[in-house]
Amino acid sequence: MFALIDGNNFYVSCERAFRPSLRGLPVVVLSNNDGCAIARSDEAKALGVKMGQPHFEIRHLEQSAGLVCLSANFELYGDISDRMMTLAAGLGPLQEIYSIDESYVGDLEGMRDLTQRAWAIRSRIYRWTSIPTCVGLAPTKTLAKLCNHVAKDAERKPGSYPKEFAQVCNWAEMSAAAQQDVLHRTLASEVWGIGRRIAAQLSEQGILTAWDVAHMPATKARREWSVVLERTVLELQGLSCISLEQAPPPKKQIASTRSFGQAITDLPPLIEAVSEFATRAAEKLRAGGQRAGALQVFAHTSPFRPGPRFYRTATIHLEPPSCDTKVLVGAAVAGVRSIYAPGYQLAKAGVMLLDLAAKGVEQQALDFAAPGSVRDQSPLMEVMDRINGRWGKATVHVASTGNAEKAVSDWRMKQERRTPRYTTVLDEVPIARA
DNA sequence: TCTGGGGTCCTAGGACCC
DNA sequence: TCTGGGGTCCTAGGACCC
């Protein structure tokens, strides 16, 4: 048995935890640069605000309907998530944290009063964090996900599912008739693992509901689609194919990307942005004790705007693999210089770290071996990470220009505008481009 | 004017090997 | 007419998730 515990409208609920006056109001949380809606309260959903809808399309609702739009505060959401996950773990012996607002709890076979325990955990989470949650319980992850969906909709969409399944829904305690009824009421596209594309292809063959998916031959799912859909079919039939992953597997890639508030056309601000991305990515890399064997940097124009298109990527191989911010920033800057062309309204750029590998013992030894070598920078990086962890992001950072004088003058200008910061001035590291 | 930022897995096809 | 039969590795692209 699995439980899926999920925070309702999570980011909005986090905001409401600290601003109770927002309860009952239509509220959305906006993405970076206040670009689009990434979380909506039930009241905002009722106004017709869609997931991912651009802010400028819903802005009129602020006046006409009292819609409250908030900029995202991911640090806050991360903190509340940690607390919620700790409480959710109390439901059973094993936990997989699946996303910022969801966790599976597993190994629940034979547990007595499981449904009652789920209710108790749910109310404890609400009392201690102010986050309302729903719980789905079932013998497979896909069914637990489905029950979680039922628990949510039964509460907020009257008539969608029987009311007794609201908030906590246990598949194992439903009658066979109730299980069938739920499968019939659920669209195929609402099943975990079936997205828009596959749902459209399924509907061409008359497979419209979760019941239809559960009753298609698994062999057909595999033959005409893939093993992914085959697993979904089997999981809906109650055969567990997707197991709990307690310790997250080591990351295979790390990305740091951003849309720009205003389009960029010149190289210097692009270099500045890309340096920032490489710095963030390097921090994540070191936090996981990994090194990157390659770095990819990209920049592109907006797909929504007219004008000449630009979409380029450069891949730089790092030999030896590195987790040093200076090396990664140097590679990112070299890469972006190589793809840059003037005359384009660049809307987005990013850095991705690839070919990640655990930092081996030999590498750690090398880090401390030869003073002055490229590889002896890890102690510096460690100190940087500690200072930034203690005093906040970018308290200390790498300057990404080959011109030390300019770096210093840029830094002075920033000092005048901001609270005091400290910076180390370091040169670009030359990188061989693949 | 203004359109998110991360991730994962699977498959197909090409290059290359014996 | 028939045109070997596997393997592996790599990459690109598609689809999905939150």
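On a predicted model such as this, the values are computed, not experimentally measured, just so you know. A note on names: the letters A, B, ... follow the listed sequences, proteins ahead of strands, and every chain is numbered from 1. All values below come from the heavy atoms of this structure, side chains included, with hydrogens, waters and symmetry mates left out.
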A:Leu67 vs A:Pro26 side-chain heavy atoms within contact, under 4.5 Å: yes
From B:dC10, C:dA15, B:dT3, nucleotide with atom closest to A:Arg197 side chain: C:dA15
Touch class at under 4.0 angstrom, heavy-atom based, for A:Ile198 against every strand present: sugar-phosphate
Sugar-phosphate, base or nothing in reach of A:Lys284, heavy atoms under 4.0 Å: sugar-phosphate
A:Ile254, nearest nucleotide to its side chain (from B:dG6, B:dG7, B:dT3): B:dG7
Sugar-phosphate only, base, or nothing, as touched by A:Arg222 at under 4.0 Å among non-hydrogen atoms: nothing
A:Ile38 side chain, from C-beta outward: closest of B:dG7, B:dC9, B:dG4: B:dG4
Candidates C:dC18, B:dC2, B:dG4 - which lies nearest the side chain of A:Asp101: C:dC18
Touch class at under 4.0 angstrom, heavy-atom based, for A:Glu102 against every strand present: sugar-phosphate
Nearest-0.5 Å distance, CD1 of residue A:Ile194 to CG of residue A:Leu187: 10.5 Å
Sugar-phosphate, base or nothing in reach of A:Val191, heavy atoms under 4.0 Å: sugar-phosphate
Touch class at under 4.0 angstrom, heavy-atom based, for A:Leu30 against every strand present: nothing
Whole angstrom value for the distance that separates P of C:dC16 from CD of A:Glu230: 17 Å
side-chain N/O A:Lys145 vs C:dC18 OP1/OP2, d < 4.0 Å: yes
Length of the line joining A:Gln296:CD and B:dG7:P, which is rounded to integer Å: 13 Å
For atom NE2 of A:His149 and atom C1' of C:dC17, their distance in whole Å: 16 Å
Which nucleotide in B:dG7, C:dC18, B:dT11 has an atom nearest any side-chain atom of A:Ser99: C:dC18
Phosphate OP1/OP2 of B:dG6 contacted by A:Arg258 side-chain N/O (<4.0 Å): yes
Sugar-phosphate, base or nothing in reach of A:Ser302, heavy atoms under 4.0 Å: nothing
Electrostatic pair A:Arg16:A:Glu43 at N-O distance under 4.0 angstrom: yes
Position toward the 5' end of DNA chain B (nearest nucleotide), A:Ser31 or A:Val228: A:Ser31
A:Gln201 side chain, from C-beta outward: closest of B:dT8, B:dT11, C:dA15: C:dA15
G-U wobble or Watson-Crick pairing nucleotide for C:dC17 (cut-off 3.5 Å, both distances): B:dG6
Donor-acceptor pair, side chain of A:Arg309 and main chain of A:Thr301, under 3.5 angstrom: no
A:Trp192 side-chain proximity, nearest of C:dC17, C:dC16, B:dG7: C:dC17
Spacing of A:Arg196 atom CZ relative to C:dC17 atom C1', expressed in whole Å: 14 Å
Minimum-distance nucleotide (side-chain atoms of A:Arg305 versus B:dG5, C:dA15, B:dT1): B:dT1
Side chain of A:Asn32 (C-beta onward), nearest among B:dG4, B:dC9, B:dT8: B:dG4
For the student: nearest non-hydrogen atoms of A:Leu270 and A:Ala299, plus distance: CD1-CB, 4.5 Å
Polar side-chain atom of A:Asn32 near backbone of A:Arg258 as donor-acceptor pair, under 3.5 Å: no
Length of the line joining A:Gln53:CD and B:dC2:P, which is rounded to integer Å: 17 Å
A:Lys50 side chain near B:dT3 phosphate (N/O to OP1/OP2, under 4.0 Å): no
Closest-nucleotide 5' rank along DNA chain B - winner of A:Ala347 and A:Pro250: A:Ala347
Parallel, tilted or perpendicular: ring planes of A:His184 versus A:Trp211, cut at 30 and 60 degrees: parallel
Nearest-Å distance once atom C1' is located in both C:dG4 and B:dC17: 14 Å
Any A:Ser226 side-chain nitrogen or oxygen under 4.0 Å from OP1 or OP2 of B:dC9: no
Nearest to side-chain heavy atoms of A:Phe304, which nucleotide of B:dT3, B:dC10, B:dC9: B:dT3
Whole-Å distance separating the NZ atom of A:Lys252 from the C1' atom of C:dC10: 15 Å
Nearest-angstrom distance from the residue atom NZ of A:Lys141 to P of B:dC9: 12 Å
Length of the OH-P vector between A:Tyr98 and C:dC17, whole Å: 8 Å
Geometric class of the A:Trp192/A:Tyr98 ring pair [parallel <30°, tilted 30-60°, perpendicular >60°]: perpendicular
Any A:Arg231 side-chain nitrogen or oxygen under 4.0 Å from OP1 or OP2 of B:dC10: yes
